[in-house]
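To start, the structure itself, in structure tokens.
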There are 2 protein chains.
Amino acid sequence: MSAITQPLEVLTVSEVAAESGVAPSAVRFYEKHGVINAVRTSGNQRRFDESTACRIQVAKLAQRVGLSVREIAELFDDLPADPGPDEWGAIAGRLVIEAEERVAQLKARLAELGSGAKLCEIGR
Amino acid sequence: MSAITQPLEVLTVSEVAAESGVAPSAVRFYEKHGVINAVRTSGNQRRFDESTACRIQVAKLAQRVGLSVREIAELFDDLPADPGPDEWGAIAGRLVIEAEERVAQLKARLAELGSGAKLCEIGR
DNA sequence: GCTTGACTTCAACATATGTTCAACCCTCAG
DNA sequence: CTGAGGGTTGAACATATGTTGAAGTCAAGC
């Protein structure tokens, strides 16, 4: 089994930043907080794999629906390096579920506020 | 037409805080940023109307789905003092729409990321 | 093997969202 | 009218999410 071990982690901070549309400082920030992962060269420079820009783009979407960086890092916790479409799909699914749950909770609590006439009286 | 002008703005900071489940400092923060409105007594103390606690509770829900305090203040911009159920309903509706729009955008962009195989490859 | 451009860390700054504290002021029940 | 309890402002602190800049190191093409 000669599985060729290709250089999977090859992108620099700037490359990832350009690919994902954020500043290099943000790339370092996301690594520090576990949203993305890097290996280091012998000279201590970060190298990222191809999936990194995708993680960042998903992270930005997640922030928009209310997830914190910590929550996003947790979401990605069991995402392997170089994930396949199936693994990405699972993460995306979980993110959508979480977002929909928040909206469902929003609706439910708004309804509560409206019915428990005492506190508030939203729509009826 | 002797419309009795009842004391509509009568609650103190602490009362609103207790009613809405946040700290008094947060109540002052929300007033400062236009999420809630106060009138002042002759001695310069804040007085809020009964709808204030409701605004705050809705604001907390809105934050959970990704709206900033500024966005929430804008949402409440055309909410009158002492709003009726109809006005509350309109605000609640707009908030739900906004939240659902964000989730829809999340789904759409996740789909884009998955289809434009070049960038990412989420689920297929 | 150099030089130049990119990378490193660390600290300071910036904004958003609050909390805490000190010093002072108002309100209202008795 | 007075005093206790709560309100006021402002500054400092705290956390989250980044950006900027300085001082020094690495990488890679010539």
Atom-to-atom span, [atom1] of [X] to [atom2] of [N] - whole angstrom:
X	N	atom1	atom2	result
Gln45(B)	dT27(C)	CD	P	5 Å
Leu11(B)	dG7(D)	CG	C1'	15 Å
Glu31(A)	dG18(D)	CD	P	15 Å
Glu15(B)	dC28(C)	CD	P	10 Å
Arg70(A)	dT17(D)	CZ	P	8 Å
Lys32(A)	dT15(D)	NZ	P	13 Å
Phe29(B)	dA12(D)	CZ	P	18 Å

(message) Is it the case that over 12 heavy atoms from other parts of the model lie below 6.0 angstrom from the CZ atom of Arg94(A)?
(response) yes

(request) Might you confirm whether atom CZ of Arg109(B) has over 12 heavy atoms from other residues, nucleotides or ligands at distances under 6.0 Å? (result) no

Which nucleotide, [options], lies nearest any side-chain atom of [X]?
X	options	value
Val13(B)	dT8(D), dA27(D), dT17(C)	dT8(D)
Val69(A)	dT8(D), dG18(C), dG18(D)	dG18(D)
Asn44(B)	dT8(D), dG18(D), dG18(C)	dT8(D)
Ala23(B)	dT19(C), dT19(D), dT9(C)	dT19(C)
Arg40(A)	dT19(D), dT17(D), dT9(C)	dT9(C)

(message) Does any part of the side chain of Arg55(B), heavy atoms only, come nearer than 4.5 Å to the side chain of Asn37(B), both counted from C-beta?
(response) yes

(request) Taking the side chain as every heavy atom from C-beta outward, state whether Val58(A) and Leu95(A) have any pair of such atoms under 4.5 Å apart. (result) yes

Strictly below 4.0 Å: does [X] bring a side-chain N or O up to OP1 or OP2 of [N]?
X	N	result
Tyr30(A)	dG18(D)	yes
Thr41(B)	dG7(D)	no
Thr12(A)	dC7(C)	yes
Arg46(A)	dA27(D)	no
Ser14(A)	dC7(C)	yes
Gln63(A)	dG18(D)	yes

Counting the atoms with a prime plus P, OP1 and OP2 as sugar-phosphate, which does [X] contact under 4.0 Å by heavy atoms, base, sugar-phosphate, or nothing?
X	value
Ser25(B)	base
Lys60(A)	sugar-phosphate
Arg28(B)	base

(message) Judged by each residue's nearest nucleotide on DNA chain D, which is more toward the 5′ side, Ser68(A) or Gly43(A)?
(response) Ser68(A)

(message) Is it true that Gln57(A) and Lys60(A) share a donor-acceptor pair across their side chains at a distance under 3.5 Å?
(response) no

(request) Taking all heavy atoms of Ala81(B) and all of Asp49(B), pick out the closest pair and write down the distance. (result) CB-OD2, 3.7 Å

